[in-house]
Amino acid sequence: MKYQNPVIPGYNPDPSICRVGEDYYLATSSFEYFPGVPIYHSRDLVNWEQIGYALSRKSQLPLDNCKPSGGIYAPTLRYHDGRFYMVTTNVSNMGNFYVWTEDPAGEWSEPIPVAQGGIDPSLFFDDDGKVYFTSNQSIDNQFCITTSQIDIKTGRLLTKPRKVWGGTGGRNPEAPHLYKIGGKYYLMIAEGGTELGHMETIARSDSPYGPFESCPHNPILSQRDHPLNILQATGHGDLVQAHDGSWWIVFLGYRLSRNAFHHLGRETFLAPVAWDEDGWPHVYGDGQIHTTMEAELLPQKPFAPDPVRDDFDGERLALPWNYLRNPNLADYDLNTGRKSAIGLRCGEKNLYDWASPSFIGRRQQHWDCEAYTLLDFEPLAEGEEAGFTTFYQPRYHYEIAVVRRDGVRKLIVRRTSTDMSYIAFETEIEKGPIVLGVKADKLNYTFMYGRPGGEMQTACMASTQPISTEATTMSFTGTFFGLYATANGATSCNKAYFEWFDYKPL
């Protein structure tokens, strides 16, 4: 049976998975976005729906002064004795910590810190009740994998961290996951950096502390020798045994949109795993992954498709929406007195700041898609603006927006890349609501505008390449479609009202 990769498209890197009965749960990295660590649920490993976030409060996720691609790095999700545990690193504030819950769709505990350094932490619950904490660290100026035993109730180290494996020679050995399979301890890690040389390797031992024997056919997963494949940089994986006994791996990768460029971010992929007679895993035969895969799947149990339109008529934002860093909730109004709308105050911060502007965004998940919003906004002073943005980082974004320039209400398209920002389109517009948005394909964004119920007009086109990962010096996130309002440094009480938002794959 065929299935399509990625199974969770758009910026969803560093996936970690666990199984509870016939249900599967998965967590991914979130970096500077809030809430943090989205949690997904599946019943067949191919179809996934988001059910919540592990970090939904500022006390769990302080992001003050968080730089782009800072914040939350790779999580690990595990289930043990009725509880889910999510362990991760806040590289901007807290270091390594974990939270727990009995309901992955609900609220999670306050953070429990662990005094072991490094990033990409993982938990392993052994049969004898011992709990091991594994991370990557630099020892004697070399990165390696270290393991310690901890008290799972308090996070206290019970043993000193010990170096257990340095990998196979690839740079940046990281993303360790420890398993016990067939009486052996398997340590699977990523090497090569999360770029074109990325790969997944594995070793085994009779002890969680090693010594570890490297798999003779490492790497078990990599696209590094297949430059013509649009899917690249596979690695940072996590193994799971399905309820039918089959084995699978989830892992990150990205799809090239133009030559060596990609802009959707690193996504979550799936592949079957077979074990040979010597007890070593093989990923999809030769370890090369494709966007169309063929495997013996679990019975398919798809979820209802996501609605195209969000009317902003709930008491809180729908799960796909994120803020940049910790939001000032006073800048957002879901109880506007209108039938449906969200109000965003024109705050002092804007999209260029390492702060939390009045902004909500959702991941762009498809190359070919369109997204539109209905904006009701009257800028009252020079510098006030509101609109729709394709946002990657503070120095890399495009927006179509309503502004006041020289006392006149205008519609603009602005392009920002590195230190250059310029107006690519400008026209005067009359008062009243306006539909703004974008029609996207692999190579370009076409910015559109029109009156409600009227014909959409093209403002201008912009290439996806200047806001790709490679253009932004290898950042870790992906493109968001966002709504924003700002007074660009001034103090204002004026609000922009977004009455609905549509996202539609094409």
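Quick caveat, the model's predicted, so the values are computed rather than measured. Sequential numbering from 1 along the given sequence is applied to the chain's residues.
For residues 199-223, the pairs satisfying ring-ring contact (aromatic ring centres under 6.0 Å, His included) are Y132-Y209, H217-H282, with sequence neighbours left out. Residues in residues 232-244 take part in these salt bridge (charged side-chain N to carboxylate O under 4.0 Å, His left out) pairs, two or more places apart or across chains: R78-D238. A salt bridge (charged side-chain N to carboxylate O under 4.0 Å, His left out) check over residues 22-33, counting only residues at least two apart or in different chains, returns nothing.
E49 meets the side-chain contact (heavy atoms from CB on, under 4.5 Å) test with H41, I51, F303; sequence neighbours excluded. Partners of S135 by side chain to side chain donor-acceptor pair (under 3.5 Å), not counting sequence neighbours, listed by chain and number: Q116. Under the side-chain contact (heavy atoms from CB on, under 4.5 Å) criterion, R171 pairs with E195, not counting sequence neighbours. Remark: S29 engages D14 in a side chain to side chain donor-acceptor pair (under 3.5 Å) (not counting sequence neighbours). When the side chain to side chain donor-acceptor pair (under 3.5 Å) test is applied to N141, no partner is found at least two apart in sequence or on another chain. Every residue two or more places apart in sequence or in another chain that forms a side chain to side chain donor-acceptor pair (under 3.5 Å) with R362 is listed here: Q365. Partners of N96 under the side-chain contact (heavy atoms from CB on, under 4.5 Å) rule, at least two apart in sequence or in another chain, are T89, P121, F133.
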### Task
Let me see the working for H290 and Y284 under side chain to side chain donor-acceptor pair (under 3.5 Å), right down to the final yes or no.
CA-CA 10 Å; H290 305 276; Y284 201 57; over 6 Å; no
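A distance below 6.0 Å separates the ring centres of F84 and Y25. Residues F480 and H397 keep their aromatic ring centres 6.0 Å or farther apart.
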Side-chain donor-acceptor pairs of residues 435-445 under 3.5 Å, sequence neighbours excluded:
residue	atom	partner	partner atom	Å
D441	OD1	L443	N	2.9
D441	OD1	N444	N	2.7
Y445	OH	Q364	OE1	2.7

In residues 199-206, what donor-acceptor pairs under 3.5 Å come from side-chain atoms, sequence neighbours left out?
residue	atom	partner	partner atom	Å
E200	OE1	H236	N	2.8
E200	OE1	G237	N	3.2
E200	OE2	G237	N	3.2
T201	OG1	E191	OE2	2.6
R204	NE	E213	OE1	3.4
R204	NH1	Y186	OH	3.4
R204	NH1	D278	O	2.7
R204	NH1	G279	O	3.1
R204	NH2	D278	O	3.2
S205	OG	S207	N	3.1
S205	OG	S207	O	3.2
S205	OG	P211	O	2.9
D206	OD1	K184	NZ	2.7

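Partner of F391 under the ring-ring contact (aromatic ring centres under 6.0 Å, His included) criterion, chosen from Y398, Y484, F359: F359.
No side-chain donor from either of S246 and Q241 sits under 3.5 Å from a side-chain acceptor of the other.
Between Y323 and F34, the ring-plane angle classifies as tilted under the 30° and 60° cut-offs.
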